[in-house]
Amino acid sequence: MSPKTLYDKIWDAHLVHEDEDGTSLLYIDRHLVHEVTSPQAFEGLRMAGRGVHAPDKTIAVPDHNVPTTLDREKGIENEESRIQVEALDKNAKDFGINYYPVNDIRQGIVHIVGPEQGWTLPGMTVVCGDSHTATHGAFGALAHGIGTSEVEHVLATQTLIQKKSKNMKVEITGKLHPGVTAKDITLTVIGKTGTAGGTGYVIEYCGEAIRSLSMEGRMTVCNMAIEGGARAGLIAPDETTFEYIKGRPHAPKGAQWEAALNWWKTLYSDDDAHWDKVVTIDASEIAPVVTWGTSPEDVLPITATVPAPEDFAGGKVDAARRSLEYMGLEPGQKLTDIKIDTVFIGSCTNGRIEDLRAVAEIVKGKKVKDGMRAMIVPGSGLVRAQAEEEGLADIFIEAGFEWRLAGCSMCLAMNPDQLSPGERCAATSNRNFEGRQGRGGRTHLLSPAMAAAAAVTGHLTDVRELM
Amino acid sequence: MDKFEKLTGVAAPLPLINVDTDMIIPKQFLKTIKRSGLGVNLFDEMRYNDDGSEKPDFVLNKPAYRSAEILVAGDNFGCGSSREHAPWAIKDFGIRCVIAPSFADIFFNNCFKNGILPIALPQEQVDLLMKDAEKGENARMTVDLEKQEITTSDGEVIPFQVDAFKKHCLLEGLDDIGLTMAKASEISSFESAMAMERPWV
Ligand code: SF4
């Protein structure tokens, strides 16, 4: 047999049908659903008199529109948001799919809930009407976002019409320095390859620095594969993966666990597999980074200064000029001199327990800078409960953070948590596009530890100075 | 998707050119979470007064055309925004066939995805069908997709062209999902094999 990449192996294991031109029908093991991109798909099923083909493989949870303030049982004020959530309630019930409603402790961001509940397993195909489905690639699952018409297609058939992508390897060799995290890895990769660097590819992340990451960290890395333009990001499963999965509610048990484990252990790229593109980065050269512009590729080490448009070439010159104007920054300004109004810690990139522990470590015994708005939004109700149990919540509240309920919150301006024009935010989320966190809002992407540091000092800060 | 084989019904005349998708369904109705239910707002601004009452002169408000299933219209029908809400609204109202001298490209394709047959004909033939439609309720015309023929209430037969693949999909009621469902046995044998190989999934 010819050598295969991990992607090749998962692809081949899910191929139902292939046309001569390469158009393929791929079987989908897990279909995750949230309230924004699914209503028309369910409606389509109803109009055509179709059911959900595999309701037991379909998992829904509302997250984007859900308020994260403590008074959320009062209901959702915005009518459209409320209608979308109510529609999901009804669709989940009518079609008999797995569901975690707003008031369930397990509710949270769909990409946090899936792994947490053991729905996401190695070697699976996982889709969701949401680009950050890439997160689940951390388990060695082929996971990517789809559109509403495809959501309907998967609901009806449990398959997806696809063409195969190319294979790209991103190897992070060596060890990370203290204070450097998974978020810094993934941002550094995007900074290096650009937001189109992964277009047409499925990326497999490998190398010592990736192997050393926890599952939480690996999810952070894969989450942003999409910002790098890739269809999906993958990390081969290993003991860390198996350890994380074992005992989760929907993980296999007993003899099935053994059988699953046997197969999972075959899920790696063969030594002489063919790669269409390879990027190698030395972990020891990665610093804590922040974004300065309005594209996730606008990444610099925290020790750097704001670039000038002329530092770039081609179309990026104008793009950088526009970014700097939008962001209200001057070339040559030290990044650490940039004052921050708001700190947002959360999202499917960095809303997991380990992220919160990293924040607690920095802010313990310190105070959020006067006048700063700082919020921590756990990725799920269970993350919230665990943080309370571990005493992290007390540290946050003591320091002056708002301690919220689970949801997408300020990652995107679709619920009440929004930036106002000109407001500058240090955010652990994944997109710094114009208006992403609210009209005119200015976003700097960074790691949870770096966000915590900014909350304490009131400006972008090298977290290593607080360690 | 609903099949389209042969349809005999009332045709409503709408002798306007450049009917855009904003006229077909104005943007305030795009906030919906549905594809269905848009029929009441089809041609909303032409059809209703500001207070919500009907404009009696608009063709679809006339008793003869309230249950029209065919629409005969002017040149460049369906231009403007690409909103799929336009064919959704037309279909929801009950119209399954639109006849015009020409169509905007995206709208034209969207129709096929939603079980609606758009037919482009030379102006003289559309004029003839327009006259036939104006006769009202008793003048029912027949659209036969298999034979690719329209028969007027007077028995006059007008042939039309349609892309062979699109015709096949409409006749069989196939959309992407329908086409995949035609592979249902392949999917279920895959599932049986998987239940053996990877029972934990
Ligand atoms: S947290 Fe942000 S990126 Fe993640 S699913 Fe929600 S809105 Fe999308």
Side-chain angles (χ1 to χ4, degrees), chain A residues 13-17 25-27 29-30 35-36 38-50 53-54 56-57 79-80 83-88 90-91 121 123-125 148-150 152-161 250-261 263-264, chain B residues 1-4 25 27-39 82-85 87-94 96 109-110 112-116 169-170 172-201:
Chain A
H14 291 85
L15 199 58
V16 175
H17 178 94
L25 198 60
L26 216 56
Y27 194 80
D29 294 326
R30 292 288 180 263
E35 80 279 15
V36 180
S38 65
Q40 273 93 357
F42 283 109
E43 189 59 18
L45 291 186
R46 280 200 183 86
M47 284 173 81
R50 289 176 179 138
H53 181 85
D56 53 323
K57 293 173 180 163
E79 196 183 340
E80 286 175 305
I83 290 173
Q84 283 194 328
V85 172
E86 286 171 356
L88 190 62
K90 179 169 167 33
N91 289 329
L121 300 172
M124 281 185 161
T125 45
T148 295
S149 56
E150 291 176 311
E152 186 179 341
H153 191 279
V154 177
L155 287 171
T157 67
Q158 205 57 28
T159 63
L160 191 66
I161 300 169
H250 296 278
K253 313 247 160 18
Q256 294 222 343
W257 170 262
E258 295 305 324
L261 205 57
W263 188 59
W264 294 346
Chain B
M1 195 174 73
D2 292 342
K3 287 186 185 185
F4 188 107
I25 185 81
K27 60 179 168 300
Q28 63 266 35
F29 302 106
L30 307 189
K31 291 176 177 178
T32 175
I33 52 163
K34 300 182 164 217
R35 279 185 262 219
S36 61
L38 289 165
S82 64
R83 62 189 66 161
E84 200 164 327
H85 297 67
W88 291 345
I90 288 173
K91 170 105 176 282
D92 193 63
F93 180 87
R96 296 292 309 278
N109 286 317
N110 278 343
F112 284 101
K113 283 188 209 155
N114 289 282
I116 300 167
C169 289
L170 267 188
E172 300 295 326
L174 299 175
D175 46 14
D176 263 5
I177 297 177
L179 288 169
T180 296
M181 285 186 141
K183 301 192 179 88
S185 65
E186 271 180 89
I187 296 173
S188 70
S189 38
F190 179 91
E191 284 177 326
S192 322
M194 202 172 63
M196 302 292 291
E197 277 173 44
R198 300 198 290 276
W200 62 85
V201 170

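Here is the naming used below: chain letters follow the sequence lines, and residue numbers restart at 1 for every chain.
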Checklist entry - How are the rings of A/Trp264 and A/Trp257 set to each other: parallel, tilted or perpendicular (split at 30° and 60°)? => result perpendicular
Item to check | Toward chain B, the part of A/Glu35 with a non-hydrogen atom under 4.5 Å | outcome: neither
Item to check | Structural part of B/Glu191 lying under 4.5 Å from a heavy atom of chain A | outcome: side chain
Checklist outcome for this item: Most heavy-atom pairs under 4.5 Å with chain B, out of A/Arg30, A/Gln158, A/Arg46, belong to A/Arg30
Checklist entry - Which region of A/Lys57, side chain (C-beta onward) or backbone (N, CA, C, O), has a non-hydrogen atom less than 4.5 Å from a non-hydrogen atom of chain B, or is it both or neither? => result side chain
Next on the checklist: List the residues meeting side-chain contact (heavy atoms from CB on, under 4.5 Å) with A/Ser38, not counting sequence neighbours, and say none if there are none.
Outcome noted: A/Val33, A/Phe42, A/Leu88
Identify each donor-acceptor pair in which a side-chain atom of residues 174-182 of chain B lies under 3.5 Å from a protein atom, sequence neighbours left out, and give them as a table.
unit_1   : atom_1 : unit_2   : atom_2 : d
B/Asp175 : OD1    : B/Ile177 : N      : 3.2
B/Asp175 : OD1    : B/Gly178 : N      : 2.5
B/Thr180 : OG1    : A/His153 : NE2    : 2.7
B/Thr180 : OG1    : B/Asp176 : O      : 3.2

Item to check | Contact class of A/Arg50 relative to chain B, heavy atoms under 4.5 angstrom | outcome: side chain
Next on the checklist: For A/His250, which atoms come within 4.5 Å of any heavy atom of chain B: side chain, backbone, both, or neither?
Outcome noted: neither
Next on the checklist: Ring-plane angle category for A/His14 and B/Phe190, please: parallel below 30°, perpendicular beyond 60°, tilted otherwise.
Outcome noted: tilted
Next on the checklist: I'd like to know if the side chain of B/Lys183 and the backbone of A/His17 have a donor-acceptor N/O pair within less than 3.5 Å.
Outcome noted: no
Checklist entry - With a cut-off of 6.0 Å (strictly less than), are more than 12 heavy atoms of other residues, nucleotides or ligands near NZ of A/Lys90? => result no
Checklist outcome for this item: Cut-off 4.5 Å, heavy atoms of chain B, and the answer for A/Ile161 is side chain
Item to check | Reported CG-to-NE2 distance for the pair B/Asp92 and B/His85, which is rounded to 0.5 angstrom | outcome: 12.0 Å
Checklist entry - Side chain, backbone, both or neither: which part of A/Ala13 has a heavy atom under 4.5 Å from chain B? => result both
Next on the checklist: Which atoms of A/Thr159 are under 4.5 Å from chain B, going by heavy atoms: the side chain, the backbone, both sets, or neither?
Outcome noted: side chain
